[in-house]
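Below: the structure, in structure tokens.
All residue numbers in this chain count up from 1 along the given sequence.
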Amino acid sequence: MTSDYFPCAVFSIDFPFFFFFVLHQMRKTVRKLAKCFPTAIVSGRCRDKVYNFVKLAELYYAGSHGMDIKGPEKGSKSNKDTESVLFQPASEFLPMIDEVYKQLVETTKSTPGAKVENNKFCLSVHFRCVDEKKWSELAQQVKSVLKDYPKLRLTQGRKVLEIRPTIKWDKGKALEFLLESLGFANCTDVFPVYIGDDRTDEDAFKILRDRGQGFGILVSKFPKDTNASYSLQEPDEVMDFLRRLVEWKELSLRTQSRM
């Protein structure tokens, strides 16, 4: 990567990145990154939850698999020239999602370890703590509720069942929206980098591959079929990669200042 390129960083933050963000060094690294490049966090979780966890006002946040997008808070250093972005393509589904959430909580309470999470524009039924013998039964419970809601669709992530509106929107669409909102969609000197560890991040990896712009990085300890161009094994390696991006940018600025 040469100094002619202007990267922008996007990464997914779900399990285990939520827990890794507790570390002061990771938060510090991402704050430095956001000062150098437009930086976004895309998550399947509720945007407000992600923000309250990360607590960095200078980032772009896309919660509910990209169905709830907001830019940096006014007054933050990275928001000098861009108004705060706010996009919610599934607002009309909110009453339905709240209704289904209540039904799922009631229906799944007989399954020990199951947890239903309301992520505002989508729902998550976590089965990480459910006995493996009960997984199929839990899935049937969820399907029994959704059969009366054809406008909602069921997908599966890593030990989680996701319920989302049937609109054509995912993390890939959210990435495209962010690039367009920032004016980077047709720029040949912008290099988007998307880092993620979940099956739902494949949509974003595919967008970058199809556009021939930037690349995706899969975080996984094991080889997987993926649309990402590269891989890192664990969050520690992600932090090291982000640090190197910041160092590259700082070196580039010092070099330019001497010219």
Side-chain angles (χ1 to χ4, degrees), residues 1-13 17-18 20-43 50-51 53-62 69-85 174-197 201 204-205 207-209 211-220 228-259:
M1 190 182 297
T2 72
S3 58
D4 294 329
Y5 279 105
F6 178 68
C8 62
V10 183
F11 57 101
S12 171
I13 177 168
F17 282 113
F18 260 104
F20 195 65
F21 241 98
V22 171
L23 297 177
H24 173 70
Q25 285 302 114
M26 184 60 163
R27 185 177 280 109
K28 183 178 177 181
T29 298
V30 174
R31 179 178 281 117
K32 286 183 177 179
L33 185 75
K35 288 180 179 179
C36 296
F37 315 110
T39 304
I41 288 179
V42 182
S43 177
V50 178
Y51 179 81
F53 194 90
V54 177
K55 295 179 180 176
L56 291 177
E58 50 266 70
L59 306 184
Y60 291 82
Y61 291 87
I69 303 175
K70 195 173 189 300
E73 291 185 358
K74 290 184 178 181
S76 63
K77 292 182 180 179
S78 60
N79 195 33
K80 291 179 180 178
D81 302 315
T82 307
E83 290 185 4
S84 182
V85 176
L175 174 58
E176 283 190 308
F177 175 82
L178 285 167
L179 290 174
E180 289 170 8
S181 298
L182 291 165
F184 296 158
N186 299 308
C187 295
T188 56
D189 60 346
V190 172
F191 199 87
V193 177
Y194 186 103
I195 305 173
D197 68 341
D201 295 312
F205 296 151
I207 286 292
L208 292 181
R209 174 163 284 187
R211 292 168 68 103
Q213 184 184 23
F215 57 71
I217 300 176
L218 174 69
V219 183
S220 175
S229 301
Y230 300 96
S231 66
L232 295 169
Q233 290 195 5
E234 53 192 22
D236 277 318
E237 292 186 357
V238 173
M239 184 164 68
D240 184 57
F241 174 76
L242 298 180
R243 281 175 175 165
R244 289 170 183 267
L245 267 183
V246 172
E247 290 170 0
W248 168 82
K249 179 62 176 179
E250 291 174 344
L251 177 61
S252 176
L253 290 174
R254 286 197 296 271
T255 302
Q256 288 177 10
S257 67
R258 296 193 189 107
M259 293 180 178

Is there a side-chain contact between [X] and [Y], using heavy atoms and a 4.5 Å cut-off?
{"X": "Arg209", "Y": "Ser229", "value": "yes"}
{"X": "Leu251", "Y": "Thr255", "value": "yes"}
{"X": "Leu232", "Y": "Asp240", "value": "no"}
{"X": "Met26", "Y": "Val238", "value": "yes"}
{"X": "Arg243", "Y": "Lys28", "value": "no"}
{"X": "Thr39", "Y": "Tyr60", "value": "no"}
{"X": "Val54", "Y": "Leu59", "value": "yes"}

How many angstroms lie between [atom1] in [X] and [atom2] in [Y], if you round to the nearest 0.5 Å?
{"X": "Tyr194", "Y": "Leu208", "atom1": "OH", "atom2": "CG", "result": "9.0 Å"}
{"X": "Phe205", "Y": "Phe215", "atom1": "CZ", "atom2": "CZ", "result": "11.0 Å"}
{"X": "Arg27", "Y": "Met239", "atom1": "CZ", "atom2": "CE", "result": "12.5 Å"}
{"X": "Leu182", "Y": "Cys187", "atom1": "CG", "atom2": "SG", "result": "10.0 Å"}
{"X": "Lys249", "Y": "Lys32", "atom1": "NZ", "atom2": "NZ", "result": "16.0 Å"}
{"X": "Ile195", "Y": "Tyr230", "atom1": "CD1", "atom2": "OH", "result": "13.0 Å"}

Using side-chain contact (heavy atoms from CB on, under 4.5 Å) as the criterion, list what pairs up with Arg211, not counting sequence neighbours.
-> Glu176, Leu179, Ala185, Ile207, Gln213

Quick one: do Asp201 and Leu218 satisfy side chain to side chain contact (heavy atoms under 4.5 Å, CB included)? Show the steps, please.
-> CA-CA 8 Å; Asp201 295 312; Leu218 174 69; over 6 Å; no

Can Val193 and Phe37 be said to form a side chain to side chain contact (heavy atoms under 4.5 Å, CB included), step by step?
-> CA-CA 11 Å; Val193 177; Phe37 315 110; over 6 Å; no

Do Arg31 and Glu58 sit within salt-bridge range, that is, some charged N less than 4.0 Å from a carboxylate O?
-> yes

Just jot down the ring pair (Phe, Tyr, Trp, His ring centres under 6.0 Å) partners of Tyr51, sequence neighbours excluded, or say none.
-> Tyr61

Write down the atom of Leu242, the atom of Thr29, and the distance for their closest heavy-atom approach.
-> CB-CG2, 3.8 Å

